[in-house]
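Please read the structure below before turning to the comments.
Throughout, a chain's letter reflects where its sequence line sits, starting with A, and its residues are numbered from 1.
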Amino acid sequence: MNNIPAYNPASIEGKWQKHWDATNAFAAEASHDKPKFYGLVEFPYPSGAGMHVGHIKAYSGLEVVSRKRRMEGYNVLFPMGFDSFGLPAENYAIKTNTHPHVITTRNVEHFKDQMKQIGFSFDWSREISTSLPDYYKWTQWIFLKLFDHNLVFRAKTLVNYCPHCKVVLSNEDSQGGKCDVCHSDVVQLPKDVWYLRITEYADKLLEGLETVDYPESIKQQQVTWIGRSTGAFVDFTLDGIPEQLEIYTTRPDTLYGVTFMVMAPEHPLLDKYKEKITNWDAVEAYRDACAKKTEFERTQLQKDKTGVKLEGLAAVNPVNGKQIPIFIADYVMMGYGTGAIMAVPAHDQRDYEFAKKFGADIIQVIEGGDISVEAYTGDGKMINSDFLNAYDNKKDSIAAMIDFLAKKGIGRKGIQYKMKDWAFNRQRYWGEPIPLIHCPKCGTVGVPYDQLPLTLPDVENFEPGTDGQSPLARIESFVNCTCPKCGGPAKRETDTMPQWAGSSWYFLRFVDPHNDKAFASMDEMKYWMPVDWYNGGMEHVTRHLLYSRFWHRFLYDIGEVNTPEPYAKRSYQGLILGSDGEKMSKSKGNVVDPLDIVKQYGADTLRLYVLFMGDYTAAAPWNDDSVKGCRRFLDRVWRLMDMLNDGEGISKDLAFDVHSCIKKVSEDYEKMKFNTAIAAMMTLVNAFYAKGQVTRGELLALIQLLNPVAPHITEEINQLCKLSDAELIRAQWPKYDPAALVKDTVEVALQINGKVRGRMNVPASLTRDDAQAYFMDTEEVQKLIAGKNVKKLVFVPGRLVNIVVG
RNA sequence: GCCGGUGUGGCGGAAUUGGCAGACGCACCGCACUCAAAAUGCGGCGGGAAACCAUGCCGGUUCGAGUCCGGCCACCGGCACCA
């Protein structure tokens, strides 16, 4: 073809982006006739910094799958929105004295503009933003439903608190003892906070994992985080005190081996009976020392057990009536089980170390190991345990012991989780107001549903109060209200919801984003839900992914959604590291701005590169030279137009190359093996160059396969050469012809004793049975085995022949 | 400590699941085009003169091992005094 201009992404990309925008090209169809595909990528928090190359990679995976699905004839929902409540906007608001709403709106526009410059095929007609009243009305609505079903409660307990951000954090938000927002050390403080009873859903969240297509690593992480264990609660009587000390153990079968007890330093029973404790001074000193230890110090001192014996108090082992001492020690946590344990030094390593240090008895009750060296935690026959000595394995022993305890009324079967209830309030401004009212007469009352949304009032000062209260507490017109139940004067809750509230159900809003009667209609949900494929980061596995599964399962239980699980399939992308192999960060100066790449090479090159750079799920360092190589490939594709001849179909000599490429690309996109799919297309382009010309049919096949990755250049080539009547986004996904993949002869490797000694062409139809006769007759084989004794011949059709000689 | 994962050329990474290790790309080298350079096209590119040696290390199974089994080592991610 003559007069092909040079490839200039800057001009063609903007042109197609405008066209897609103007024609609403990627809007999901309202009709429910076609099979559907709901592809979801995690909507971003619209930070002031704009998009990161990590966003590009995170979205590009399902971008490719979604574009392929449209070409395959599916009705595709591939939406985008913004998780726009959150601390960074609020902190920036405080710094610049600008309303967070203004900042957020500006950032959202910036993000959207950038996403459009990359050419993502999002359905912008369904855009949502969690900080808009139309949206958070329904976040509040779901919260009230949780409240109505007794899944919201208020409790004063030790909470994770970030002194820098001045907020209470959930357990999930303070992993590793660091604040998720600012990475300061989190401290433990007693505070009155709202909780969502996610632990109530622990078993359902575990069971649900068995029904979904998630990678094993994600399932494992959630299972570990939930941390379910089974065992028993046992009551120990305390000498001279009317109250009993309840403990939790996973090894009730070792009850005869209990030689002391340990309580957490924060255990409430201590204060209650402090006059009975004769060494209270020592106890108090120890508690103070513990309270001062940071999370870091506590983990560092893991091996070195500390504690104080309680003088004046003793416990009684309920199975044998023996009196045993009680200690307090910080290796027992108030936040797990009952905050007290029965110590069995013979069969628990921590108890063993404590016993060695504090001189407690060690009584073996399970056979095995060598308890003069360490605790024996394995299975075995019960010994020194009265009538229970009959049992010779853990499972039976535990069952028998629980049965025994239950009959005597001193113990019961129990289940514990490491996961804790979700601390659900923040003492900050930029979040969903919690729709609850405190009435002196009626207690806590929900805001009536018909009064939603409870809108966030304007304030002048976004700074949190010094008393740890939200800025909302300073607005009297907001705080003072009437009780919906009794009509008397009441006060509003002034805390807001945490960052993760809005994202816990956003996938539901996308199916029906403009509905003002419900968060989404059942009709739309029945068609679109569940999300067919959800891609996102590993960092969300124990937060967003867990929280949203919890909300969705709750909505299912109360009949508001149609599926128990929100996401049928989940995948994740690997990090993009800086070119130095380190995590990208401003301070290291290794951050790549995606828009710089767009300016220099074009959006198609950027898209191609993030998918070609390596295994999609693995971390890989950025490499500017490789970006150039991707641009070079697109230049080569562009110049195929110079080689175009008049042929319409696929020429015979290239049929194998074209059809095997169609097969490979079609399969690899589905497996997110984008790097090898692109490699296959590069190989095909190399074959076109080797031949020096390409037919219209061959070029069309290539640009259709490439379209999901590089939509602009391929649409432009199609338009310039008029290869297909329709735009590629409407064209049909190419199908390979299996007949074209069959060859008459195939090359196989010729091995002697497993070592390659040559290659030869053999008929593709050659079977294992005919192999012996065929190969022994050939010159090549005769030459190689001359004078040797052939013991065996192994033939793998299409691959190799191995002759074993002695 | 427990759970999950990774380890292959100078680099990013392939390898149809036990069958020709190093696809594809980058970097590099050579040739062509050019006064020259860039760009582009074509070719080469694990090591070794070769026999051979090479997929973190040691052993095993097999006609054949990057892939399976046993034992180590290193790194990454998650959990962690969870009773």
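Residue Q751(A) is in base contact, counting any heavy-atom pair closer than 4.0 Å across all strands shown. Residue contacts shown for G337(A) are absent, as no nucleic acid heavy atom lies under 4.0 Å away. Residue contacts shown for K664(A) are absent, as no nucleic acid heavy atom lies under 4.0 Å away. If you check every strand for non-hydrogen atoms under 4.0 Å, Q416(A) touches nothing.
Contact annotation: the side chain of V332(A) never approaches that of F354(A) to less than 4.5 Å [non-hydrogen atoms, C-beta and beyond]. Side-chain contact check for L545(A) versus Y572(A): every heavy-atom pair is 4.5 Å or farther apart. In this structure, W622(A) and M584(A) have side chains that are in contact, with non-hydrogen atoms separated by less than 4.5 Å.
Between rA83(B), rC79(B), rC42(B), one nucleotide has an atom nearer to the side chain of Y689(A) than all others, and that is rC42(B). Comparing rC81(B), rC20(B), rC63(B) by their closest approach to the side chain of K792(A) singles out rC63(B). Here rC3(B) is the nucleotide among rA83(B), rC20(B), rC3(B) with the atom lying nearest to any side-chain atom of Q220(A). Listed nucleotides rG13(B), rC24(B), rA83(B) differ in distance to M682(A); the shortest reach to its side chain belongs to rC24(B). Here the nucleotide nearest the side chain of M333(A), chosen from rG19(B), rC79(B), rC81(B), is rC81(B). With rG13(B), rC81(B), rC24(B) as the candidates, the nucleotide lying closest to the side chain of D615(A) is rG13(B). When distances run from any side-chain atom of R757(A) to the nucleotides rG41(B), rA83(B), rC52(B), the shortest one goes to rC52(B). The side chain of S217(A) has rG4(B) as its nearest neighbour among rA83(B), rG19(B), rG4(B).
Between E667(A) and K671(A), none of the side-chain N atoms (NZ, or NE/NH1/NH2) sits under 4.0 Å from a carboxylate O, so this pair counts as no salt bridge. At a threshold of 4.0 Å, the pair D304(A)-K357(A) counts as salt-bridged, since one of the basic side-chain nitrogens sits closer than that to a carboxylate oxygen. In this structure, D203(A) pairs ionically with R228(A), as a charged nitrogen and a carboxylate oxygen lie closer than 4.0 Å. With respect to the salt-bridge test (charged N to carboxylate O, under 4.0 angstrom), the residues K628(A) and D635(A) do not qualify.
At the phosphate of rA83(B), OP1 or OP2 sits under 4.0 Å from a side-chain N or O atom of Y336(A). Remark: R639(A) is in phosphate contact with rG41(B), judged by side-chain N or O atoms under 4.0 Å from OP1 or OP2. A close approach under 4.0 Å does occur between a side-chain nitrogen or oxygen of K755(A) and OP1 or OP2 of rC53(B). For rG1(B), the OP1/OP2 oxygens have no side-chain nitrogen or oxygen of R350(A) closer than 4.0 Å. Distances shown here put a side-chain N or O of R636(A) below 4.0 Å from the OP1 or OP2 atom of rG41(B). Distances shorter than 4.0 Å separate some side-chain N or O of R632(A) from OP1 or OP2 on rA27(B). Distances shown here put every side-chain N or O of K628(A) at or beyond 4.0 Å from the OP1 or OP2 atom of rA38(B). For the OP1/OP2 pair of rC24(B) and a distance below 4.0 Å, the side-chain nitrogens and oxygens of N686(A) include no atom meeting the criterion.
Using N1 to N3 plus N6-O4 or O6-N4 for Watson-Crick, or N1-O2 and O6-N3 for G-U wobble, each under 3.5 Å, rA80(B) pairs with nothing. In this entry rA21(B) has no Watson-Crick or G-U wobble partner, no candidate having both defining distances under 3.5 Å. The partner of rU40(B) is rA32(B), by the rule that a Watson-Crick or G-U pair needs both atom distances under 3.5 Å. With a cut-off of 3.5 Å on both Watson-Crick or G-U wobble distances, the partner of rG70(B) is given as rC58(B).
Taking the P atom of each, rC82(B) and rG5(B) are spaced 23 Å apart, rounded to whole Å. Comparing rA23(B) with rA15(B), their C1' atoms are spaced 8 Å from each other, to the whole Å. Spacing of P atoms, rA51(B) relative to rG18(B), comes out at 31 Å, to the nearest Å. Taking atom C1' on both nucleotides, rG56(B) is separated from rU8(B) by 10 Å, rounded to a whole Å. Separating the P atom of rU62(B) from that of rC57(B) is a span of 23 Å, rounded to the nearest Å. The separation of rC45(B) from rC11(B), taken at their C1' atoms, amounts to 14 Å, rounded to a whole angstrom. The separation of rA54(B) from rC20(B), taken at their C1' atoms, amounts to 15 Å, rounded to a whole angstrom. rG47(B) sits 14 Å from rG22(B) when the P atoms are compared, rounded to a whole Å.
Nearer to the 5' terminus of RNA chain B, by closest-nucleotide assignment, is the contact made by Y616(A) (compared with the other of Y616(A) and G629(A)). Annotation: of the two residues near RNA chain B, A749(A) and A680(A), the 5′-most nearest-nucleotide partner is A749(A).
In this structure, F688(A) atom CZ and rG41(B) atom P are separated by 16 Å, rounded to whole Å. Following rounding to the nearest Å, K671(A) (NZ) and rA14(B) (P) show an atom-to-atom distance of 12 Å. Put simply, CE on M538(A) is 12 Å from P on rG77(B), counting in whole angstrom units. In this structure, the NZ atom of K691(A) is 19 Å from the C1' atom of rG41(B), given to the nearest Å. Remark: P of rG4(B) and CD of Q221(A) are 12 Å apart, rounded to the nearest angstrom. Between the CG atom of N761(A) and the P atom of rC20(B) there is a distance of 16 Å, rounded to whole Å. What separates CZ of R251(A) from C1' of rC81(B) is a distance of 17 Å, to the nearest Å. Going from atom CD1 of I415(A) over to atom P of rC82(B) covers 20 Å, rounded to whole Å.
There is no side-chain donor-acceptor pair under 3.5 Å between S571(A) and Y616(A). Looking at S174(A) and N160(A), their side chains do bring a donor and an acceptor atom within 3.5 Å of each other.
Remark: K309(A) fails to qualify as a cation-pi partner of F358(A) under the 6.0 Å distance and 45° angle criteria applied to the six-membered ring.
For the atom pair CD1 (I326(A)) and CE (M261(A)), the distance works out to 6.5 Å, reported to the nearest 0.5 Å.
Side-chain atoms of Q349(A) come within 3.5 Å of backbone atoms of A375(A) as a donor-acceptor pair (strictly under, hydrogens ignored).
K791(A) contributes no side-chain N or O that forms a donor-acceptor pair with the base of rC63(B) under 3.5 Å. One cannot find a donor-acceptor pair under 3.5 Å joining the base of rC26(B) and the side-chain atoms of D625(A).
Glycosidic conformation of rG9(B): syn, with the torsion inside 90° of 0. Annotated as syn: rU17(B), whose glycosidic dihedral is within 90° of 0.
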Between the protein and nucleotides 7-12 of chain B, which nitrogen or oxygen pairs are less than 3.5 angstrom apart?
| residue | atom | partner | partner atom | Å |
| --- | --- | --- | --- | --- |
| rG12(B) | O2' | M613(A) | O | 2.3 |

